[in-house]
Amino acid sequence: MKTMTKTLCRLLSAALIAYSSALSSSSSNGTPKFAEIAPLRAAMLTKQWQGFILDVDQKVGVVPELKPVGSTAPSAAVPERWPELERRSKCAKQFGTFYESTFALALADKNPPKIAHAKRLLANGLMVDGAPRGPNAKVFASLTMPATMSLVECLDGKEWSVLALTVNPTERNMDSIATAELAMLEELRSKATEAGASLRILKRVKDTLAGDAQMLCLKEIVGDDDDDDSEEIWFSCDE
């Protein structure tokens, strides 16, 4: 196990270089700007993004775009609870779980199919709402700028569940972040529809998004209290 982990770690840099190359060339050579990517590539890119994350308090305090509208506070002043500070704190936490989950999937996939399936059942962070989501988890990436990734459980013919959605943290323009989120959800909705499935997103993922529910076409799913034993709050992403 240790040897396999070390081997995967050595592959990280190569995978990251290849993915970065794809990002830079996709718009010029006509390749798709939205695609499924391997968990290892996703883990590597997330690891790089984590390196870009500065202390959340400091970042929000010095970036004008992240200050509340109408704020006259100096750049060095950081109020305790700006809405964007709270959202970015949740984003930072999601980066960690996204990396752990995708790296666990990458480790699992190095095994023969039956063993890989068994290990995916136990993947870190993918026991959601009382069910293991790892066996059917896929990672999708938007190659537009800012780059965006999403971890999704894909149950064709039933429903696709968005378990995480991350945007490159170097992007600090709120409109650009929200637009990237919308583009990702629209692509996922299209893919889910092609597979005969609906699309939904976890509330804790929704809470990390810069776009509001109306812009992103999100609506809370209200179940029958007598029949619904869900432990999580979900939002539909259907138009």
Side-chain angles (χ1 to χ4, degrees), residues 32-37 39 42 46 83-84 86-95 97-98 101-102 105 120-121 123-144 146-168 171 174-239:
K33 294 183 179 180
F34 177 85
E36 179 183 352
I37 64 172
T46 306
E84 179 57 11
E86 182 177 0
R87 188 189 73 81
R88 290 240 164 184
S89 296
K90 293 177 180 178
C91 287
K93 181 178 180 180
Q94 182 177 230
F95 277 120
T97 57
F98 193 98
S101 296
T102 52
L105 293 176
R120 272 177 166 256
L121 285 169
N124 290 342
L126 293 180
M127 177 64 71
V128 178
D129 211 4
R133 310 290 174 172
N136 297 292
K138 298 180 180 181
V139 185
F140 296 91
S142 172
L143 304 184
T144 56
T148 311
M149 292 190 295
S150 186
L151 181 60
V152 186
E153 181 194 32
C154 302
L155 297 177
D156 294 351
K158 187 178 179 182
E159 63 190 4
W160 283 24
S161 302
V162 179
L163 308 175
L165 196 161
T166 64
V167 178
N168 188 330
E171 178 58 63
M174 296 297 288
D175 289 339
S176 296
I177 295 172
T179 298
E181 295 166 349
L182 178 60
M184 170 61 76
L185 290 176
E186 286 179 338
E187 291 285 2
L188 290 175
R189 185 185 299 120
S190 176
K191 292 288 186 182
T193 300
E194 291 176 3
S198 59
L199 183 67
R200 64 177 184 169
I201 184 172
L202 278 170
K203 180 182 184 299
R204 63 171 178 262
V205 179
K206 170 189 170 294
D207 290 344
T208 68
L209 304 180
D212 60 30
Q214 182 177 1
M215 174 187 178
L216 301 177
C217 301
L218 304 180
K219 184 178 181 181
E220 184 174 348
I221 299 173
V222 180
D224 188 329
D225 292 338
D226 294 330
D227 300 326
D228 186 12
D229 58 357
S230 176
E231 300 174 358
E232 298 277 1
I233 297 176
W234 295 88
F235 282 74
S236 67
C237 301
D238 300 320
E239 291 181 311

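Nothing here was measured: the structure is a model prediction, and the numbers come from that model. Heavy-atom basis, side chains included; hydrogens, waters and symmetry copies ignored.
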Colleague: In a table with atom names and distances, give each donor-acceptor pair under 3.5 Å that connects a side chain of residues 159-167 to protein atoms at least two apart or in another chain.
Modeller:
from : atom 1 : to   : atom 2 : distance (Å)
E159 : OE2    : R200 : NH2    : 3.2
W160 : NE1    : D156 : OD1    : 3.1
S161 : OG     : R200 : NE     : 2.8
S161 : OG     : R200 : NH2    : 3.4

Colleague: Is it true that a side-chain atom of R133 and a backbone atom of M127 form a donor plus acceptor pair closer than 3.5 Å?
Modeller: no
Colleague: For the residue pair C154 and F140, what are the closest heavy atoms and their distance?
Modeller: SG-CE1, 3.8 Å
Colleague: To check you understand the geometry: which heavy-atom pair defines the closest contact between L216 and A178, and what is its length?
Modeller: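 Scanning both residues completely, I find the closest heavy atoms to be CD2-O, 4.2 Å.
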Colleague: Taking all non-hydrogen atoms of both residues into account, name the closest pair between D207 and K90 and its distance.
Modeller: CB-NZ, 3.8 Å
Colleague: Would you indicate whether K206, at its atom NZ, is surrounded by more than 12 heavy atoms from other residues, nucleotides or ligands within a distance under 6.0 Å?
Modeller: yes
Colleague: With side chains defined as the heavy atoms from C-beta onward, is the minimum distance between P132 and L126 less than 4.5 Å?
Modeller: no
Colleague: Taking L155's backbone N and O only, do any of them form a donor-acceptor pair with N136's side chain (distance below 3.5 Å, no angle check)?
Modeller: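 Checked: no pair found.
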Colleague: Taking C91's backbone N and O only, do any of them form a donor-acceptor pair with T208's side chain (distance below 3.5 Å, no angle check)?
Modeller: no
Colleague: Could you pull out all residues at least two apart from S190 that satisfy side-chain hydrogen bond (donor to acceptor under 3.5 Å, both in side chains)?
Modeller: none
Colleague: Say you draw a straight line from CH2 of W234 to CG of L199; how long is it, rounded to the nearest 0.5 Å?
Modeller: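 Here the rounded value is 10.0 Å.
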Colleague: Residues in side chain to side chain contact (heavy atoms under 4.5 Å, CB included) with D175, at least two apart?
Modeller: N173
Colleague: Minimum heavy-atom separation for G211 and E181, please, with both atom names.
Modeller: N-OE1, 2.9 Å
Colleague: Please name all residues satisfying side chain to side chain contact (heavy atoms under 4.5 Å, CB included) with C217, sequence neighbours left out, ordered by chain then number.
Modeller: R189
Colleague: A side-chain contact here means heavy atoms from C-beta on lying under 4.5 Å apart; do I177 and R87 qualify?
Modeller: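 A side-chain contact under 4.5 Å exists here.
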Colleague: With F235, which residues qualify under ring-ring contact (aromatic ring centres under 6.0 Å, His included), at least two apart?
Modeller: none
Colleague: Between R204 and E232, is there a donor-acceptor pair closer than 3.5 Å when you use the side chain of the first and the backbone of the second?
Modeller: no
Colleague: If you round to the nearest 0.5 Å, how far is OG1 of T193 from NZ of K191?
Modeller: 11.5 Å
Colleague: With E187, which residues qualify under salt bridge (charged side-chain N to carboxylate O under 4.0 Å, His left out), at least two apart?
Modeller: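 For E187 there are no salt bridge (charged side-chain N to carboxylate O under 4.0 Å, His left out) partners, ignoring immediate neighbours.
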Colleague: So which heavy atom on A210 is nearest to which on M174, and how close?
Modeller: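 A210 and M174 have their closest heavy atoms at CB-CE, 3.9 Å.
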Colleague: Should we say atom CD of E194 is surrounded by more than 12 heavy atoms from elsewhere, each under 6.0 Å from it?
Modeller: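 Buried by this count: over 12 neighbours within 6.0 Å.
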Colleague: Check whether any side-chain heavy atom of L188 lies under 4.5 Å from a side-chain heavy atom of C237, and answer yes or no.
Modeller: no
Colleague: If every non-hydrogen atom of G134 is compared with every non-hydrogen atom of L105, which pair is closest and at what distance?
Modeller: O-CD2, 3.9 Å
Colleague: Might you work through the side-chain contact (heavy atoms from CB on, under 4.5 Å) test for I37 and M149, ending with a clear yes or no?
Modeller: CA-CA 9 Å; I37 64 172; M149 292 190 295; 3.9 Å; yes
